[in-house]
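Written out below as structure tokens is the structure these notes cover.
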Amino acid sequence: MHFMLLFSRQGKLRLQKWYTATAERDKKKMVRELMQIVLARKPKMCSFLEWRDLKIVYKRYASLYFCCAIEEQDNELITLEVIHRFVELLDKYFGSVCELDIIFNFEKAYFILDEFLMGGEIQDTSKKSVLKAIEQADLLQEFH
Amino acid sequence: MALKIVKGSIDRMFDKNLQDLVRGIRNHKEDEAKYISTCIDEIKQELKQDNIAVKANAVCKLTYLQMLGYDVSWAAFNIVEVMSSSKFTYKRIGYLAASQCFHESTDVIMLTTNQIRKDLSSPNQYDTGVALTGLSCFVTPDLARDLANDIMTLMSHTKPYIRKKAVLIMYKVFLKYPESLRPAFPRLKEKLEDPDPGVQSAAVNVICELARRNPKNYLSLAPLFFKLMTSSTNNWVLIKIIKLFGALTPLEPRLGKKLIEPLTNLIHSTSAMSLLYECVNTVYIDVNTPPLPSLSLSLCLYLSLPPQLCVQKLRILIEDSDQNLKYLGLLAMSKILKTHPKSVQSHKDLILQCLDDKDESIRLRALDLLYGMVSKKNLMEIVKKLMLHVDKAEGTTYRDELLTKIIDICSQSNYQYITNFEWYISILVELTRLEGTRHGHLIASQMLDVAIRVKAIRGFAVAQMATLLDNAHLLTGNMQRMGICEVLYAAAWICGEFSEHLENPMQTLEAMLRPKVATLPGHIQAVYVQNAAKLFATVLKSQEGNTDSTAAQETSQLMIDRLPLFVQSANLEVQERASCILQLVKYIQKLQQKDVEVAEEVSALFAGELNPVAPKAQKKVPVPEGLDLDSWINEPPSESESEDEQPKAIFAKEEPKHSRPRREEVDEKELAKRREARKQEQANNPFYIKASPSSQKVYQEAPGVEHIPVVQIDLSVPLKVPGLPMSDQYVKLEEERRQKERAEKKKKEKKKRKEKRSGRGKKHDSGPESEEDITPAHQVDIVTEEMPEKSSKHKKKKQKKEKEEKEKKKKKKHHHHHHHSDGGGEEAVQNGTVEEEEPLLTSLKNKSSTYQVVVSVIFENKCDSFLKSMEFNVLDSLNSKLQRPEGSGPHDGLTVPFQLPPGVSNEARFVFTVQSIIMPQKLKGTLTFIVKDSSTHEKLDFKLHFTCTSYLITTPCYSDAFAKLLESGDLKCSSVRLEGVNMPFHHLLARICFHHHFSVVERIDSCASMYSRSIQGHHVCLLVKVTVSIDAKCDEPTLLGNVLDEIKQTFSQC
């Protein structure tokens, strides 16, 4: 996976995670371009598109778009699964998550993502163990 | 001190935390930038304080601002400070900020090495975890090198939480610091069998990604993965394993056989679509398609999963209501189509259904598929469906896409699938009724192409075009329909050129001279005027036969009345043609009034038929006798000194031999150049019918377009032009025709069977008709000589081509190489009376591992005496030996089979065997001869120089192949600087090409890439820069070094 973006219906970036080294300027350009393309797509359309030499997999949850860029040989369906899994994790953590949760606790959202994915690869396929790790790390944080 | 702490915590109470910042930004929607700049100022203040909590808060806010697109690189050092806090809360924020903001060029990363190492070995597993996570985002080659060992130890940490992170991050480390792979690999392999499923899947992930980059190192792991695949139930892991096998199988075909069973089981049993898709996609497609085309065949055999199984499974995907599955199914289908077209074709119905889908991307995918699926049998049906969609389609872009696809589908491989051209013409005519299409010119060029090449269709086409012209107002009435009026260009031309087929030429002539025509774009008007003249000739001819001279005169009058409108046109070409024709008609009228019969002469103006010309037709034009295309018109500037010295008369005699090697070089490069030039020329020639549509685009920009008054015609009724055919009827007709044919065939076959009465008759059962059974109703006029590439007789042509290629290869082996005497035939003139020059021609022949080099030596007698009994001898080296006749000793000389009268030259050839070509060779030799007058033995020493260059063969190379070659990493690198060379860059390149048998792959401004290949197949790649440095790559470093030395030498001599 090359990167993961979260952005709102209004085209505001909510979260970005890059797994390949990209210059800051290119990042901005890519994000802008991708947001335009994805936001222009109609709801009934499928979740995949070919963009530059990458495949883009996106999914909309309420007002938020989750968008991943993967390589040619990667599996689109499993990427959708990854997105869904991430949303489930957020949901479990925040308790019926909404966009505001992610805006105000954006560092938490990153922590969860980092526990779930590392270097663009899935770290753990079990939801439970990811959540456990987060909770314990949080406990540690409250403790100090 | 205590006071300070208190002060700090009081300050903190007034600080904004992240939530406040976010809220603030949301409340300042109007002046967000201003608000944020004040915030950044605050943050800068906060960062200056000693309190780590304040700093962490500031860094947290910065991370948020960074995401919004603000530059926070100035705070990099503060981030490092927060990272090194001992408290997990702050450390976590620090690492998060670092992972978001740091990249390889951030210089403070250097400072983090020790901190990270400390965190990695922290007793708290979450400290370690957070460090690993952060590191995975900003690891640099330096960090990777310094920390590789620490991470490797963590791979066997007691906590699975750390183990899995360590395993995953190793992949990033390998990428940045490949040397770490070898020591870490055993441990990584161990992790494949880790008791913790998370660690195990991490290891699978890493190895799978590694194997995709370089599969051959991981073949040994196949059994282990095989075990994992059959035992694991985790779909995430299974997908990765299947991907891995997809990469491994091409290298070890036996694996394929083993995989069939588990894969088939998976395909049948899994309920997870992602896994199913992976099975089908990887195993069937990725493996079967390039970059491994040569292996794919054997794989098909080994992985003898029937393609039907995959296609069936894909069908399930496509039938699914989920758009995503549908899309992926179509995507995979189009990949299978390349290898197994038959098995996909049977699902035509499904693909056609997808055209109804709401999602445009799915429809476009389906369209792509259809292109590859048509056959003679189903073309009409598919196009009929597409036409329905054209009518329904919303949005012009999609409709235009449909239109071009319809035309692409029909016209592919020279109308291979069209059996009835009347049908095709009516399809084209129907397409003209499309509103707002931009592809009028495409339709027009198809009309022209078909009408010209399919002779049998002309009568029909002309009738259709006449109706189009008659109803031209329907096409031009609406501004949105501008693009479509291009069709009138074709219509007018067809009606004019083939006017003998017109039923009522007079009516068409009138239609073409209507005042409204003047509203059309200029280039169309020009065609109208020209073709009106053609029609005029036809009309005259028919009217003069009728003995009623008034009718003919009236026609002339009509022309004289209408043409002035065009003479006034703003378009130059229209003006020119119109005034020319107007004068002509006036003259004709004068003659008519004198009762002179003019029709014959007028039609003679347009006599003769225009023929379609294939783009490569020029090649087929026979060379006139006596024209030697290979000889130089002007003698080329001589490249080597020896040639200069030679007396002219003798040189002229030698010329055929000299020019031959050059000719071959010129041929390949020049041909490409000429082809390019010819294409250019064709594209610019409007009368060149096969030219690309771009020629017509040029016209569109003519000034006439803007001047056309717009008349809106509101038509609520669909635009159906009366009298125009409906393509549907042809589908029916075709059905009938085929049925008839089938019936006839059946009859015949029955007869046959009766005669034969053999049990084999079953085979001929009249089941589904095969492709070959459908005979086209019209023949496309394809003259095979003119269309060598695309003719329908594919198979024969292919064989021919292969032969040709083989021949070419042979020729290449015989390729003559010019040895320049400046490096080649050096000789010491021993006797003042005898002067001999020996330009050497070597030719190379491959004979297994030893190579034969043929050296042509030209003996030239420059003295006044007769020379005889010449003997040529060379001192053999280990590597190169002169081939001597059997029975002679290793030191015997070879008799030169001729004598030399004064002033005469002759050539003799000697064969050498060469073993290694990577080093240049110098052979010493002597020539002994007898001067007739003195009858004494004379001796002449010479050296024979085999340069490495002479083993190179100019081989053209495409830039993509070249890039691949460079990427492959098999080539060794070397470079050289040429000092003191100041010649234009292109001269420099030309010199390298000429002297060293290179060809230019690509030239970009100040550098050029060049390529050559040795007779043993070594690739030699050069990158020449205008600063006169040469970077070179070759799979044989010694050869490369020597070639570079030779290049250097060439330039040191100039």
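Proteins get letters first, then strands, A, B, ... in listed order; numbering begins at 1 in each.
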Legend entry - Contact class of B:R365 relative to chain A, heavy atoms under 4.5 angstrom: side chain
Inset, instruction - Would you confirm whether B:Q323, through its side chain, and A:M45, through its main-chain N or O, come within 3.5 Å as a donor-acceptor pair? - result: no
Inset, instruction - For the pair A:K55 (side chain) and A:E72 (backbone), establish whether a donor and an acceptor sit closer than 3.5 Å, ignoring hydrogens and angles. - result: yes
Legend entry - Ring geometry between A:Y61 and A:F66 (parallel below 30°, tilted from 30 to 60°, perpendicular above 60°): perpendicular
Legend entry - CZ (A:R25) with more than 12 external heavy atoms under 6.0 Å: no
Inset, instruction - Check whether B:R26 gets within reach of chain A through its side chain, its backbone, both or neither, counting any heavy atom under 4.5 Å. - result: side chain
Inset, instruction - Identify which part of A:E81 has an atom lying under 4.5 Å from any heavy atom of chain B, answering side chain, backbone, both or neither. - result: both
Legend entry - Part of B:N324 within contact of chain A (heavy atom distance under 4.5 Å): both
Inset, instruction - For A:F111, check ring-ring contact (aromatic ring centres under 6.0 Å, His included) against everything at least two apart and list the hits. - result: none
Inset, instruction - Verify the neighbour count for atom NZ of A:K92: are there more than 12 heavy atoms of other residues, nucleotides or ligands below 6.0 Å? - result: no
Inset, instruction - Fit a plane to each ring of A:F116 and A:F86, take the angle between them on a 0 to 90° scale, and name the class: parallel (under 30°), tilted (30 to 60°) or perpendicular (over 60°). - result: parallel
Legend entry - chain A contact via B:S73 - side chain, backbone, both or neither, heavy atoms under 4.5 Å: neither
Legend entry - Portion of A:L80 that has a non-hydrogen atom of chain B nearer than 4.5 angstrom: side chain
Legend entry - Among the listed options B:R92, B:H103, B:M67, the residue most often paired with chain A at heavy-atom distances under 4.5 Å: B:R92
Inset, instruction - Considering only NZ, NE, NH1 and NH2 on the basic side and carboxylate oxygens on the acidic side, decide whether A:E107 and B:K61 come within less than 4.0 Å. - result: no
Legend entry - Leading residue by heavy atom contact count with chain A [cutoff under 4.5 Å; candidates B:K240, B:K326, B:K91, B:K172]: B:K172
Legend entry - Positions in residues 29-39 of chain A that reach chain B, provided some heavy atom is under 4.5 Å away: none
Inset, instruction - Check whether any side-chain heavy atom of A:K17 sits under 4.5 Å from a side-chain heavy atom of B:S99, and report yes or no. - result: yes
Legend entry - Partner chain B: residue of A:K42, A:R41, A:K27, A:K12 with the largest heavy-atom pair count (under 4.5 Å): A:R41
Legend entry - Backbone of B:V199 reached by a side-chain donor or acceptor of B:D196 within 3.5 Å: yes
Legend entry - Max heavy-atom pair count under 4.5 Å with chain B, selected residue of A:K28, A:Q123, A:Q16, A:Q136: A:Q123
Legend entry - Side chain / backbone / both / neither for B:R23 at chain A, heavy atoms under 4.5 Å: both
Inset, instruction - Please determine, among B:N205, B:T133, B:L328, the option with the most heavy-atom pairs under 4.5 Å with chain A. - result: B:L328
Legend entry - Polar side-chain atom of A:R9 near backbone of A:S63 as donor-acceptor pair, under 3.5 Å: no
Inset, instruction - Indicate yes or no: at least one non-hydrogen side-chain atom of B:L68 is less than 4.5 angstrom from one of A:L13. - result: no
Legend entry - Options A:G120, A:G119, A:A23, ranked by heavy-atom pairs under 4.5 Å with chain B, top entry: A:G119
Inset, instruction - Heavy-atom distances under 4.5 Å only: say whether A:L113 touches chain B with side chain, backbone, both or neither. - result: neither
Legend entry - Which atoms of B:L175 approach chain A - backbone, side chain, both or neither, heavy atom under 4.5 Å: neither
Inset, instruction - Look at B:E209, B:Q100, B:Q125, B:Q66 and state which one has the largest set of heavy-atom pairs under 4.5 Å with chain A. - result: B:Q100
Inset, instruction - Check whether B:Y161 gets within reach of chain A through its side chain, its backbone, both or neither, counting any heavy atom under 4.5 Å. - result: side chain
Legend entry - Cationic N near anionic O, under 4.0 Å, B:D194 to B:R163: yes
Inset, instruction - Below 4.5 Å from any heavy atom of chain A, which atoms of B:I169 appear? Answer side chain, backbone, both or neither. - result: both
Legend entry - Backbone N/O of A:E71 and side chain of A:D74: donor-acceptor pair under 3.5 Å: yes
Inset, instruction - With a 4.5 angstrom heavy-atom cut-off, could you sort out which part of A:S47 is near chain B: side chain, backbone, both or neither? - result: both
Legend entry - Trace of the salt bridge (Lys or Arg N to Asp or Glu O under 4.0 Å) decision for A:D91 with A:K127: CA-CA 11 Å; A:D91 202 57; A:K127 264 182 276 182; over 6 Å; no
